[in-house]
Enquirer: 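Please read through the structure below; I'll follow up with questions.
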Amino acid sequence: MESSTSVPGKHSIIQMVILLESKLRYSSTIFLFPLFLYERTIKRGEKVNRTELHKYIRHEQCSFSWDWGPSFPTQGIWKDVRIEAYNLYHLIYFSLTPFFVRRAQQWSLEIESIFNVVGSKPIAGLATVNIPKLQTQQTYSVKLQPGEGSIVLLVNISKNSTVEAWWPNGHGKQIGYNVTTTFIMEGGYQIEKISKAYFRTVELVQEPIPGSLGLSFYFKINGQPIFMKGSNWIPADSFQDRVTYDTLWLLLKSAADANMNALRIWGGGIYEQDDFYDICDELGIMIWQDFMFACALYPTDPDYLESVRAEVSHQVRRLKSHPSVVLWSGNNENEAAIASNWFSIPHADREVYIKDYVMLYVKNIREIVLAEDKSRPFVVSSPTNGLESIKEGWLSENPYDTHYGDTHFYDYSSDCWNWAMYPRTRFASEYGFQSWPSFSTLKKVSSAEDWSYTSNFSLHRQHHENGNDQMLQQIAYHFKLPQTTDPIKKFKDMIYLTQVMQAQCVKTETEFYRSSRSEIIRGEGHTMGALYWQLNDIWQAPSWSSLEYGGKWKLLHYFAQNFFAPLLPVAYEDNGVLYIYGVSDFHTDHKLTLKVIVNSWSSLEPVCTLVKDGVTVKAQSAFSIYKESINALLERCRNCTRKSCVVSFYLVGEDGLQSPMNHHFLSSLKDAVGLEKTQLSATVSQQDDVYLFDLQTTAIAPFVTLDVGSIKGRFSDNGFLMMEKRKVVIFYPWEPTSVEELEKSFTLTSLMDVT
């Protein structure tokens, strides 16, 4: 509402009043939803407070609760407010889109500027584009028409300059070029826009694969197939005004440090702030961008669709200059929801919901995206069968078909160490297991009476049905549950075991996907993406995350640093035979040496070592480089049984190239013979800006975990199998600290400390 008053001899005073109406009451009124049901649910404090209400409001869907987060639907303006005044014209949107013209073997840059012209007459002028480092400067005559309209400038980059492309993390540099675009219009009015141009191409390849039904599903960046390694992103806080640049940098840098090159921005959260995408551009993190629709049947009335069209148009215009954004996706799991009938739609009504689905995601969202941005692919949903879903009328009979598109997969009851349970899919865009955050993170929001796995606090914070029991079941497959009578130690031991379990489960599944990238087995394979659920947390609670609320690394994130390494040996057993695959993201072949070491649990000295020279690990591939029956291996390494020994292995090259050390357990650790209580110790020292933890052990120690409580930072390695007497681990602080503070907060735990 606006009103104005004028005082003689004074300037006019304009008063603006903004009236905020409750989103809940608005939705209840418009869509006749009984609001008292929502309010009653909130008052009861139930775990998942979502109702049918949330889908009618274009608001952060997970703020009404999800199975990893609380119900805090916020109200009011939370971003900066500004007043923009102009009397001639105004630049509303500005974007840079690169294209590579194959015929001319030349890069071009499409610069789109959307103006609002106030007057009734066109305004003529000149636009100059200058890219100094690429020796490119061009001037254009332009004319702004009354109202809102766009000017598109096509800039051909000088062939005398070498353009360095933007590459994902681990595949090259993230080069950007400063661009100055100047508009000088009639009357001498001038607008200067300084921006950064990144040159990269992206393709989503869906084509037949020899020896397999269906189609491929993978991304090419700058003509190179790229295996997407990463996770799924949720909002970093229930209250977005608390999310700063530093918050985003810490979380995204942690993703890059764990060798990730991709994140999927999940469709139940928010479109992230500009800083998020700027950081991803800088770090080389590709973004799979969902539109914000998730796990619901959304309305398609005219007012709602009008709001959606404005939303989608704004977000595409805002984000399409970012090289990190490589895919638009219409929604999260709504194709699967209709196909699997999650919401018990009567058969007679099914066609109505299919029609609404096509209306919203295809005839509105998709059409706007394709009109606004021709430089990126678009898929309607995730999971989806891609082109096959289109062929079937935009809704496939089985969106989880491993022969097409991407899949989401969760199984909490089967043994996660059994690789055969996982789908040999084209692209794994969601999968994972839960764990609890560290005790230091929970302590900030709890008291002593809460420190039990079965306390009211623990039950209240667990929003996934049967989640705590599922973690116990998964732990019990391979580890002994704590029996101590000390309640606080028992709680800490349970937290530790959930993190060990989660890390080992996700490691097994991710390594299966990475090792499936090059082969077709029984018609399945050529997996080209592994994005586990989820990267970050929205509060202090059990979840699927690898980063706790506040950014602390769980053991899973340390494991990800290894299982996403560009060079990795992966082992699995099949019918009593041990296979080791060489997995490489490098763009060239490497001739390496494979070292396989067998240790007895009872000794730090290896029982036997195999050295295989001249192993060729092919570029961007995963193939078997070692094969031996377990019986033959145990016979060669005398005095070894499945329960008494463990297999370790790594790849090394003459040029200093080396993979992480990997391990294959021949039995569950609860059945291991020879493991004994070890004497673990550590000394702490400072070296420049980092701290060294010098560890020593008297025996093999599984899943050695270092923790410094609430001191912010990360270790170079954690949760490792310590098989040598001494190991030095580096601590990288995120804030000033000291040796004394670290020593005071430091704890050292291994599996043998769980009693």
Side-chain angles (χ1 to χ4, degrees), residues 82-161 163 166 175-201 274 277-278 281 309-323 325 328 367-376:
R82 68 181 187 271
I83 295 176
E84 296 178 339
Y86 52 98
N87 56 8
L88 289 177
Y89 59 89
H90 175 56
L91 178 61
I92 308 172
Y93 294 102
F94 182 87
S95 63
L96 307 173
T97 306
F99 293 95
F100 186 73
V101 183
R102 298 186 187 280
R103 184 179 302 173
Q105 288 295 295
Q106 183 180 20
W107 284 98
S108 64
L109 192 64
E110 182 182 282
I111 301 178
E112 183 178 18
S113 307
I114 298 178
F115 287 89
N116 183 34
V117 176
V118 177
S120 59
K121 296 181 179 180
I123 301 175
L126 297 175
T128 300
V129 179
N130 186 24
I131 313 175
K133 285 194 174 181
L134 295 179
Q135 304 175 44
T136 298
Q137 179 170 316
Q138 295 176 28
T139 299
Y140 307 80
S141 296
V142 296
K143 182 174 288 187
L144 307 181
Q145 299 298 329
E148 185 174 310
S150 67
I151 293 176
V152 178
L153 309 176
L154 188 63
V155 181
N156 294 317
I157 304 303
S158 171
K159 287 188 174 183
N160 295 327
S161 298
V163 176
W166 181 95
I175 301 296
Y177 295 90
N178 292 327
V179 180
T180 301
T181 306
T182 307
F183 296 91
I184 302 178
M185 311 307 291
E186 289 176 352
Y189 292 100
Q190 177 174 317
I191 291 179
E192 183 175 86
K193 186 73 176 178
I194 298 174
S195 53
K196 185 160 283 191
Y198 297 89
F199 294 86
R200 69 105 184 87
T201 62
D274 293 341
Y277 300 94
D278 289 339
D281 293 345
R309 285 194 292 269
E311 169 188 325
V312 171
S313 178
H314 169 70
Q315 295 300 339
V316 174
R317 290 174 176 181
R318 180 175 77 96
L319 299 177
K320 67 180 181 179
S321 293
H322 291 279
V325 179
W328 303 110
E367 286 190 8
I368 290 171
V369 172
L370 295 183
E372 294 282 356
D373 182 13
K374 296 177 176 59
S375 69
R376 290 174 182 81

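Position 1 is the first residue of the sequence, and the numbers go up from there.
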Enquirer: For residues Phe115 and Ile191, determine if any side-chain heavy atom of one lies less than 4.5 Å from a side-chain heavy atom of the other.
Expert: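 Yes, close enough: below the 4.5 Å cut-off.
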
Enquirer: Would you say that Val179 contacts Val129 through its side chain, given a criterion of any heavy-atom pair below 4.5 Å between the two side chains?
Expert: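 Heavy-atom side-chain distance check passes, below 4.5 Å.
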
Enquirer: With Arg200, which residues qualify under salt bridge (charged side-chain N to carboxylate O under 4.0 Å, His left out), at least two apart?
Expert: none

Enquirer: Side chains of Glu192 and Thr181, heavy atoms from C-beta outward: is any pair under 4.5 Å?
Expert: no

Enquirer: Run Phe94 and Leu96 through side chain to side chain contact (heavy atoms under 4.5 Å, CB included) and show every step you take.
Expert: CA-CA 7 Å; Phe94 182 87; Leu96 307 173; 3.8 Å; yes

Enquirer: Is any side-chain heavy atom of Val369 less than 4.5 Å from a side-chain heavy atom of Val312?
Expert: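 Touching, per the 4.5 Å side-chain cut-off.
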
Enquirer: Go through the structure and list residues passing side-chain hydrogen bond (donor to acceptor under 3.5 Å, both in side chains) with Asn130, not counting sequence neighbours.
Expert: none

Enquirer: List the steps, then state whether side chain to side chain contact (heavy atoms under 4.5 Å, CB included) holds for Thr180 with Lys193.
Expert: CA-CA 6 Å; Thr180 301; Lys193 186 73 176 178; over 6 Å; no

Enquirer: Decide yes or no on side chain to side chain contact (heavy atoms under 4.5 Å, CB included) for Val118 and Asn87, but give the supporting numbers first.
Expert: CA-CA 6 Å; Val118 177; Asn87 56 8; over 6 Å; no

Enquirer: Under 3.5 Å, which donor-acceptor pairs link side chains of residues 138-145 to any protein atom two or more places apart or in another chain?
Expert:
{"residue": "Gln138", "atom": "OE1", "partner": "Tyr140", "partner atom": "OH", "Å": "2.5"}
{"residue": "Gln138", "atom": "NE2", "partner": "Asn156", "partner atom": "O", "Å": "2.9"}
{"residue": "Thr139", "atom": "OG1", "partner": "Thr128", "partner atom": "OG1", "Å": "3.2"}
{"residue": "Tyr140", "atom": "OH", "partner": "Leu154", "partner atom": "O", "Å": "2.9"}

Enquirer: Scan Glu148, Arg317, His314 and name whichever one has a side chain to side chain donor-acceptor pair (under 3.5 Å) with Tyr93.
Expert: His314

Enquirer: Can Arg318 and Asp274 be said to form a salt bridge (Lys or Arg N to Asp or Glu O under 4.0 Å), step by step?
Expert: CA-CA 9 Å; Arg318 180 175 77 96; Asp274 293 341; 2.5 Å; yes

Enquirer: Return each pair, listed once, that meets side chain to side chain donor-acceptor pair (under 3.5 Å) where at least one residue sits in residues 108-120; pairs must be two or more places apart or across chains.
Expert: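 Counting only pairs at least two positions apart or across chains, the side chain to side chain donor-acceptor pair (under 3.5 Å) contacts touching residues 108-120 are Tyr86-Asn116, Glu112-Lys320.
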
Enquirer: Tell me whether Glu311 is salt-bridged to Arg309, with the criterion being a basic N under 4.0 Å from an acidic carboxylate O.
Expert: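 Salt bridge flag = no for Arg309 with Glu311.
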
Enquirer: Can you find a pair of side-chain heavy atoms, one from Gln190 and one from Thr182, that are under 4.5 Å apart?
Expert: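 Yes. Closest side-chain heavy atoms under 4.5 Å.
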
Enquirer: Given 3.5 Å as the limit, does a donor-acceptor pair link the side chain of Gln106 with the main chain of Phe100, or not?
Expert: no

Enquirer: Main chain of Leu319, side chain of Ser321: is a donor-acceptor contact present, judged purely on distance under 3.5 Å?
Expert: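 Answer holds: no.
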
Enquirer: Mark yes or no for whether Trp166, through its side chain, and Asp281, through its backbone, hold a donor-acceptor pair below 3.5 Å.
Expert: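 Pair found, side chain donor or acceptor close to backbone of Asp281.
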
Enquirer: Within the structure provided, determine whether Trp328 and Val316 are in side-chain contact (heavy-atom separation under 4.5 Å).
Expert: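 Yes - at least one pair of side-chain heavy atoms lies under 4.5 Å apart.
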
Enquirer: A side-chain contact here means heavy atoms from C-beta on lying under 4.5 Å apart; do Phe199 and Tyr177 qualify?
Expert: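 Counting from C-beta outward, Phe199 and Tyr177 do come under 4.5 Å.
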
Enquirer: Hey, does the side chain of Arg376 reach the backbone of Val325 with a donor-acceptor pair shorter than 3.5 angstrom?
Expert: yes

Enquirer: The criterion is side-chain hydrogen bond (donor to acceptor under 3.5 Å, both in side chains); which residues satisfy it with Arg103, sequence neighbours excluded?
Expert: none

Enquirer: Show, in sequence, the C-alpha distance, side-chain angles and deciding distance for Ile111 and Thr97, and conclude whether the side chain to side chain contact (heavy atoms under 4.5 Å, CB included) test is met.
Expert: CA-CA 7 Å; Ile111 301 178; Thr97 306; over 6 Å; no

Enquirer: Identify, with sequence neighbours excluded, every residue that meets side-chain hydrogen bond (donor to acceptor under 3.5 Å, both in side chains) alongside Gln105.
Expert: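 By the side-chain hydrogen bond (donor to acceptor under 3.5 Å, both in side chains) rule, Gln105 matches no residue at all.
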
Enquirer: Could you verify whether a donor N or O on one side chain and an acceptor N or O on the other, from Tyr198 and His322, lie under 3.5 Å apart?
Expert: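 On atom types as modelled, these side chains do not qualify, holding no pair under 3.5 Å.
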
